[in-house]
Amino acid sequence: MSTQESYPIDVDAIRADFPILDRKVGGDIETPGEGPDDTRPLIYLDNAATTQTPKQVVDSIVDYYYGYNSNVHRGIHHLSQEASVAYEAAHDRVAEFIGAEGREEIVFTKNTTESLNLVAYAWGLAELGPGDTVVLTEMEHHASLVTWQQIAKKTGASVEYIRVDDDGRLDIDHAAELIDDDTEMVSTVHVSNTLGTVAPVAELADLAHEHDAYIFVDGAQSVPTRPVDVGEIDADFLAFSGHKMLGPTGIGVLYGKEHILDSMQPYLYGGEMIRSVTYEDSTWEDLPWKFEAGTPVIEQGIALHAAIDYLDEIGMQNVQAHEELLAEYAYDRLTEFDDVEVYGPPGDERGGLVAFNLDGVHAHDLSSILNDHGVAIRAGDHCTQPLHDKLGVPASTRASFYVYNEKSEIDALVDAVDDARQLFA
Ligand SMILES: Cc1ncc(COP(=O)(O)O)c(C=O)c1O
């Protein structure tokens with residue numbers, strides 16, 4: 001299907017690792033893949049929501065359940081020791097992947113949302129108060145926006161938003177105005193899941209640190225798609241989700257600088273996170289276990305390790321180059337239609353996604369027509385309602401790309417959009 005010389009990565013070889021990409025869609029949804037109307041090849045362009053899972057990651061889960069399934073840290077029996085070693089190694093692998101100092105800085109959570117909530121509750125409730133500000137951007141995902149908004153309400157702090165200009169770029173001069181000595185936290189999305197805008201996180205970190213504030217980077221869309229090194233961007237916190245980077249659902253990562261995590265109280269209490277307990281009081285385990293109460297995400301951690309190995313084999317620079325190539329191609333092709341509006345910065349300045357609207361057609365109607373062509377995209381507000389309000393639309397249609405996507409799939413998307421144009425003309 002693909003012309004290898006036109007891609008920075010071997011897309012054909014990658015596609016062979018994803019059996020789901022061979023399936024057809026369109027039939028009875030209660031018998032997936034078997035209905036008589038399952039005739040259209042799947043074109044999966046919903047990667048910003050969730051990516052597909054390669055055999056190597058599924059194999060790591062099967063190996064775990066067939067070979068050494070056991071609870072961690074609680075048993076001295078052989079299986080428990082094997083599972084514990086693998087689970088701890090997964091923390092080390094994540095630390096290496098994002099340039100953290102070590103496993104102490106890597107907390108496994110359920111997803112990006114939980115990572116944000118952990119910091120908002122464990123740090124924000126204790127540290128924020130009237131007169132303090134939390135500075136966000138206008139393009140935050142609800143996972144960040146709603147969480148900080150609600151913590152601000154509980155603590156009396158206020159939330160301020162760095163402007164996104166008409167071209168979809170973050171207004172760094174406005175950031176410099178907003179971030180001041182009242183600022184305690186700057187929480188910014190790294191790559192916007194709606195605009196594709198790449199925030200200048202290192203510059204924002206400098207601004208935050210000049211005023212003794214922390215910076216939280218929402219890496220849900222950046223860590224899967226480009227090299228991210230917490231040292232280089234000087235992030236105090238970074239969050240991302242396994243299911244957006246070839247891993248399973250049910251695992252997220254919270255990175256935090258060790259001295260900050262050390263200074264924070266636990267977010268959840270229970271087993272696994274304690275060192276000693278009496279009827280009167282308790283003391284906490286070392287990092288990162290202090291923040292991982294109860295039986296943790298063992299299978300998911302092991303599978304995330306396998307997903308990172310897979311991505312590193314491709315090379316994150318190459319993943320980024322592929323994403324940018326597809327995003328620019330999609331941007332150029334969709335902007336050929338004068339009744340299609342694409343949101344965000346120009347094609348050569350964005351992460352691997354394109355959100356757009358067809359004049360006079362609701363995003364849900366458009367996505368239903370795309371579905372009739374086998375094209376899986378997302379329609380809605382993508383958990384950025386205030387940003388859509390600012391754009392003056394209730395919803396948009398978003399195509400997002402990953403390592404197994406090809407230009408021919410974007411051509412199929414564009415043909416389907418063209419069909420919709422004829423239909424609604
Ligand atoms: C930028 C961004 N932040 C946060 C999230 C939330 O991720 P999760 O649902 O895995 O917690 C998403 C998911 O779409 C996202 O795109």
Side-chain angles (χ1 to χ4, degrees), residues 44-53 94 98 107-121 134 136-151 161-162 164 168 170 185-201 204 215-226 228 233 235 237-255 267 297 300-301 303-304 307 323 327 343-345 350-355 376-388 395-402:
Y44 189 78
L45 302 179
D46 194 18
N47 296 286
T50 288
T51 54
Q52 296 303 340
T53 319
V94 171
I98 59 166
V107 178
F108 284 173
T109 61
K110 192 170 61 175
N111 47 34
T112 302
T113 305
E114 188 178 286
S115 299
L116 274 149
N117 274 271
L118 192 162
V119 174
Y121 276 88
V134 176
L136 311 181
T137 75
E138 285 183 335
M139 56 185 183
E140 290 313 297
H141 188 280
H142 296 165
S144 152
L145 194 155
V146 178
T147 303
W148 289 117
Q149 180 190 68
Q150 294 305 312
I151 290 295
Y161 296 94
I162 305 168
V164 173
L170 197 67
M185 174 66 79
V186 176
S187 189
T188 178
V189 67
H190 192 174
V191 173
S192 160
N193 65 312
T194 298
L195 300 174
T197 307
V198 184
V201 283
L204 291 171
I215 181 159
F216 192 125
V217 177
D218 171 354
Q221 300 296 343
S222 63
V223 173
T225 57
R226 56 187 55 225
V228 175
I233 59 176
F237 297 103
L238 171 79
F240 52 99
S241 298
H243 69 96
K244 295 183 195 288
M245 50 190 292
L246 309 181
T249 52
I251 183 161
V253 172
L254 171 68
Y255 157 83
Y267 168 52
V297 284
Q300 294 88 338
L304 179 61
E323 290 273 305
Y343 304 106
R350 52 169 61 230
L353 60 94
V354 179
I377 47 82
R378 189 139 295 247
D381 60 36
H382 320 305
C383 296
T384 56
Q385 265 183 38
L387 179 63
H388 276 79
S396 60
T397 304
R398 180 186 70 191
S400 50
F401 317 112
Y402 212 38

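Whatever order the structure lists them in is the order used to number ligands and atoms, beginning at 1.
The protein heavy atom nearest to atom 16 (O) of ligand 1 is Gln221 NE2, 2.7 Å. For atom 9 (O) of ligand 1, the closest non-hydrogen atom on the protein side is Thr113 OG1, 3.9 Å. The protein heavy-atom contact nearest to atom 3 (N) of ligand 1 is Asp218 OD2, 2.6 Å. In this structure, the protein non-hydrogen atom closest to atom 13 (C) of ligand 1 is Lys244 NZ, 2.8 Å.
Checking Thr112, Thr50, Thr249 one by one against Ser241, the side-chain hydrogen bond (donor to acceptor under 3.5 Å, both in side chains) holds for a single residue, Thr112. Among the candidates Val223, Val217, Ile98, the single residue satisfying the side chain to side chain contact (heavy atoms under 4.5 Å, CB included) test with Tyr255 is Ile98. With Val107 as the fixed residue, the side chain to side chain contact (heavy atoms under 4.5 Å, CB included) test singles out one of Leu118, Val119, Val94: Leu118.
Comparing Lys110, His141, Arg378 against atom 12 (C) of ligand 1, the shortest heavy-atom distance belongs to His141.
Under 4.0 Å from ligand 1, not a single heavy atom of Glu114 appears.
Using cut-offs of 30° and 60° for the angle between ring planes, the Trp148 and Phe216 rings count as perpendicular.
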Please step through ring-ring contact (aromatic ring centres under 6.0 Å, His included) for the pair His141 and His382, ending with a clear verdict.
CA-CA 8 Å; His141 188 280; His382 320 305; 9.8 Å; no
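In this structure, His243 has a heavy atom closer than 4.0 Å to ligand 1.
Atoms of ligand 1 found under 4.0 Å from any heavy atom of Val189, numbered from 1 in the order shown, are 1 (C).
When atom types are taken as modelled, the side chain of Ser187 and the backbone of Asp218 share no donor-acceptor pair closer than 3.5 angstrom.
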